[in-house]
Peer 1: 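Following this message is one structure expressed as structure tokens.
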Amino acid sequence: MLDRLAHALRTVHPDRPAVLGRGRTGGTRVLIRRGELADLADRYAAALHARGLGPGATLGVAVRPGPRALAVLLAAHRLGLRAAVLDPTAGPDVLAARLALARPDLVLADAAAQAVAGWAGPLARRADLALPRLSALGPVATLGRRLPGCAPRLAVTGGAAPAPRDGGADTDAVIVFTSGTTARPRAVVHTREGLAAGLRTVTDLVDPRPGSTVLGGTFFVLVPALAAGAAVALPARRPRALAGQLARLAPAHTYLTPPALRAALGAGARFHGRVWTGSAPADAALLRRVKQAGADQAWGVYALTELFPAAAVEEAGKSAHTGPGDLVGAPLPGVRTGLTPEGELLLTGPGARHRYLGEEPDPWVRTGDRATLDPDGRIVLAGRLKDMVLRRAENIYPGLYEPALHLPDVELAVLVGVPAAGAPGDERLVALVQPRPGADPRRLRAALRDPLDRMGGARPDAVLFGEVPLAGRSRKPDRAAAAAHCARELSA
């Protein structure tokens, strides 16, 4: 797929826009054209080759999503490098431990990432961004504009790019850091073959068309869309700006996380074509709101760092599911499922990660999700195994019951365990419900009575209204923070 993209950028309408951004006055501006993106990737490949990087070397990437980041990844693929992607929300200690495991031969960072790691650290931490000093991780080069205090710029010249290096389909392509601690970090390794399989699955699922516009900013959005001849618009960060962007572009496909969708809907956004969301739970009520706001279809995608994507379901199918748990859809072609005796969902397929860095290969991905398979083989999640709440010797899995709380006036809801006073090891089950803006709390509390009654023995001990804390790059509900908040509220 990456080889196909590199060829298509140069040969299929090279003068057409590739990546679009938002101008200062709110209009659309072309960040880079297709042929320009191909040329930039070639120049980066030549510069990295001149630094002595070749097949098997590791390149750390701390670059904001956009044309430069994509060009770097294309250059790394051309040279047979493996790219280790940094996440600035993980915290400096965790990132330092992760990259000590990956041992990059060179870290490419833009000025913003280096500022986060240096003089702008105190300001960046207010936005949950933090990086260790990159120079402690290995040699560093600045990509793009250099500011005072940054490492020297990567020397990009007009030299010829080296011929593509293909070390084989089973060679490492990318390292993505995932769960773990500073003492025992974990990093997912995808091979060139596995990465290509995941990109093909996205292409087959979404089917982007030449000349259309796609709104989204992730690697798995950019590559299939650009390879198909579509232009990609990077989403605006502010909800009102995003709503205006959607109105101007009317994209055929829109990829946004559930928190971004909620924020856009709150700003009055109207949608077009097909909308895709994932990276965090997306309930049927949210997908219905997206279709009510104009989308032809609204899809929830179940994906993991270890296997992207794994399953998908459109709003109509999700809304028709009346049983317990969260229906995330049928496994996509090539994806196979299994269940452990404890009910943990196992996945495998051509796009599955090869291994965790430093560990032996294993074809089966342990998802950490408790699940069942319905008679049609569709995956129904019952919550994270580690999120189990123990109440009076009964195991309660929040994911089985949380979907029932997502009524039309509910923005987000989680079930968490709070230590029970005077009963060591026992917990109280608490529902933290975040109402939609403008919702009447009395009417909402009354509307919740029926779904709460249907929970039977898993009915919460308390229902609190308030904002559900979010964390991480995908802004998933932070259950630990939610539990701490509920404990404070109940003890007040």
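FYI, side chains are in, hydrogens and waters are out, and symmetry mates aren't considered; it's all heavy atoms of this structure. Heads up: numbering here begins at 1 and tracks the sequence.
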Peer 1: Using side chain to side chain donor-acceptor pair (under 3.5 Å) as the criterion, list what pairs up with Tyr356, not counting sequence neighbours.
Peer 2: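 Only Glu306 meet the side chain to side chain donor-acceptor pair (under 3.5 Å) criterion with Tyr356.
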
Peer 1: Is the side chain of Arg353 donor-acceptor paired with the backbone N or O of Asp362 at a distance under 3.5 Å, no angle test?
Peer 2: yes

Peer 1: Tell me whether Thr58 contacts the main-chain N or O of Arg82 through its side chain, where contact means a donor paired with an acceptor under 3.5 Å.
Peer 2: no

Peer 1: Give the C-alpha distance, both sets of side-chain angles, the deciding distance and a yes or no for side-chain contact (heavy atoms from CB on, under 4.5 Å) between Arg370 and Leu381.
Peer 2: CA-CA 6 Å; Arg370 189 170 178 267; Leu381 299 184; over 6 Å; no

Peer 1: Donor-acceptor pair, Asp110 side chain versus Leu143 backbone, under 3.5 Å?
Peer 2: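 No.
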
Peer 1: Under 3.5 Å, side chain of Lys318 to main-chain N/O of Val328, donor-acceptor pair present?
Peer 2: no

Peer 1: Residues two or more places apart in sequence or in another chain: which of them pass side chain to side chain donor-acceptor pair (under 3.5 Å) with Arg209?
Peer 2: Asp207

Peer 1: Can you give the donor-acceptor pairs under 3.5 Å from side chains of residues 477-487 to other protein atoms, not counting sequence neighbours?
Peer 2:
{"unit_1": "Asp478", "atom_1": "OD1", "unit_2": "Ala480", "atom_2": "N", "d": "3.3"}
{"unit_1": "Asp478", "atom_1": "OD1", "unit_2": "Ala481", "atom_2": "N", "d": "3.1"}
{"unit_1": "Arg479", "atom_1": "NE", "unit_2": "Asp387", "atom_2": "OD2", "d": "3.2"}
{"unit_1": "Arg479", "atom_1": "NH1", "unit_2": "Glu402", "atom_2": "OE2", "d": "2.8"}
{"unit_1": "Arg479", "atom_1": "NH1", "unit_2": "Leu415", "atom_2": "O", "d": "3.2"}
{"unit_1": "Arg479", "atom_1": "NH2", "unit_2": "Glu402", "atom_2": "OE1", "d": "2.9"}
{"unit_1": "Arg479", "atom_1": "NH2", "unit_2": "Glu402", "atom_2": "OE2", "d": "3.1"}

Peer 1: Return the set of residues passing side chain to side chain donor-acceptor pair (under 3.5 Å) with Arg366 (not counting sequence neighbours), or none when no residue passes.
Peer 2: Glu344

Peer 1: Using modelled atom types and a 3.5 Å cut-off, is there a donor and acceptor pairing between side-chain atoms of Ser279 and backbone atoms of Thr257?
Peer 2: no

Peer 1: Could you tell me whether the side chain of Gln434 and the main chain of Val468 form a donor-acceptor pair under 3.5 Å?
Peer 2: yes

Peer 1: Looking at residues at least two apart in the chain, or sitting in another chain, which of them share a salt bridge (Lys or Arg N to Asp or Glu O under 4.0 Å) with Glu411?
Peer 2: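 With neighbours one apart ignored, the set is Arg289.
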
Peer 1: Atom CZ of Arg378 and atom OG1 of Thr337: how far apart are they, to the nearest 0.5 Å?
Peer 2: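 The OG1 atom of Thr337 is 13.5 Å from CZ of Arg378, to the nearest 0.5 Å.
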
Peer 1: Report yes or no: does Arg274 contribute a side-chain atom to a donor-acceptor pair with the main-chain N or O of Val206 at less than 3.5 Å?
Peer 2: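 Side chain of Arg274 to backbone of Val206: a pair is present.
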
Peer 1: In sequence, state the C-alpha distance, the side-chain angles, and the governing distance for Thr142 and Arg153, and then conclude on side-chain hydrogen bond (donor to acceptor under 3.5 Å, both in side chains).
Peer 2: CA-CA 4 Å; Thr142 298; Arg153 290 185 64 182; over 6 Å; no

Peer 1: Can you tell me how far apart OG1 (Thr367) and CZ (Arg384) are? Round to the nearest 0.5 Å.
Peer 2: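 With rounding to 0.5 Å, OG1 (Thr367) is 6.5 Å from CZ (Arg384).
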
Peer 1: Who are the salt bridge (Lys or Arg N to Asp or Glu O under 4.0 Å) partners of Arg336, not counting sequence neighbours?
Peer 2: none

Peer 1: Is the backbone N or O of Ala413 less than 3.5 Å from a side-chain atom of His406, with the two atoms forming a donor-acceptor pair by type?
Peer 2: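 It does hold such a pair.
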
Peer 1: Test side-chain hydrogen bond (donor to acceptor under 3.5 Å, both in side chains) on Glu193 and Thr191 and set out the steps.
Peer 2: CA-CA 5 Å; Glu193 180 179 33; Thr191 63; 5.0 Å; no

Peer 1: Taking side chain to side chain contact (heavy atoms under 4.5 Å, CB included) as the test, write out the residues that go with Pro324, two or more places apart.
Peer 2: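 Per chain and number, Pro324 pairs via side chain to side chain contact (heavy atoms under 4.5 Å, CB included) with Leu400.
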
Peer 1: Using distance only, find each side-chain donor-acceptor pair of residues 41-57 under 3.5 Å and give its atom names and separation, not counting sequence neighbours.
Peer 2:
{"unit_1": "Asp42", "atom_1": "OD1", "unit_2": "Arg78", "atom_2": "NH1", "d": "3.3"}
{"unit_1": "Asp42", "atom_1": "OD2", "unit_2": "Arg10", "atom_2": "NH2", "d": "2.5"}

Peer 1: Excluding sequence neighbours, so at least two apart, what forms side chain to side chain donor-acceptor pair (under 3.5 Å) with Tyr302?
Peer 2: Asp369

Peer 1: Look up atom CG in Leu429 and atom CD1 in Ile396, then write down how far apart they are to the nearest 0.5 Å.
Peer 2: 5.0 Å

Peer 1: Could you pull out all residues at least two apart from Phe308 that satisfy ring-ring contact (aromatic ring centres under 6.0 Å, His included)?
Peer 2: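 In terms of ring-ring contact (aromatic ring centres under 6.0 Å, His included), with neighbours along the sequence ignored, Phe308 is linked to Phe220.
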
Peer 1: Can you give me the closest heavy-atom contact between Pro235 and Gly217, atom names plus distance?
Peer 2: CD-N, 3.8 Å

Peer 1: side-chain contact (heavy atoms from CB on, under 4.5 Å) for Leu256 and Leu215? Distances and angles first, verdict last.
Peer 2: CA-CA 8 Å; Leu256 294 171; Leu215 189 141; 4.0 Å; yes

Peer 1: For Asp326 and His321: C-alpha separation, side-chain torsions, deciding distance, then whether side-chain hydrogen bond (donor to acceptor under 3.5 Å, both in side chains) applies.
Peer 2: CA-CA 8 Å; Asp326 180 21; His321 176 71; over 6 Å; no

Peer 1: Under the salt bridge (Lys or Arg N to Asp or Glu O under 4.0 Å) test, which residues partner Arg200, sequence neighbours left out?
Peer 2: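 Applying salt bridge (Lys or Arg N to Asp or Glu O under 4.0 Å) to Arg200 gives none.
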
Peer 1: I'd like to know if the side chain of Asp374 and the backbone of Val380 have a donor-acceptor N/O pair within less than 3.5 Å.
Peer 2: no

Peer 1: Counting N and O atoms only, with roles assigned by atom type, does the side chain of Arg34 sit under 3.5 Å from a partner on the main chain of Ala8, one being a donor and the other an acceptor?
Peer 2: yes

Peer 1: What residues form a salt bridge (Lys or Arg N to Asp or Glu O under 4.0 Å) with Arg146, not counting sequence neighbours?
Peer 2: none

Peer 1: Output the distance between atom OG1 (Thr372) and atom CG (Leu339), rounded to the nearest 0.5 Å.
Peer 2: 8.0 Å

Peer 1: When you look at Leu2 and Leu195, which way does the side-chain contact (heavy atoms from CB on, under 4.5 Å) test go after all the steps?
Peer 2: CA-CA 9 Å; Leu2 291 177; Leu195 183 62; 4.1 Å; yes

Peer 1: Given Ile379 and Leu373, is the side-chain contact (heavy atoms from CB on, under 4.5 Å) satisfied, shown in steps?
Peer 2: CA-CA 5 Å; Ile379 301 169; Leu373 302 176; 4.0 Å; yes

Peer 1: For Glu314, does the CD atom have more than 12 heavy-atom neighbours from other residues, nucleotides or ligands under 6.0 Å away?
Peer 2: yes

Peer 1: Please work out which of the three classes, parallel, tilted or perpendicular, describes the rings of Trp276 and Trp299, given edges at 30° and 60°.
Peer 2: parallel

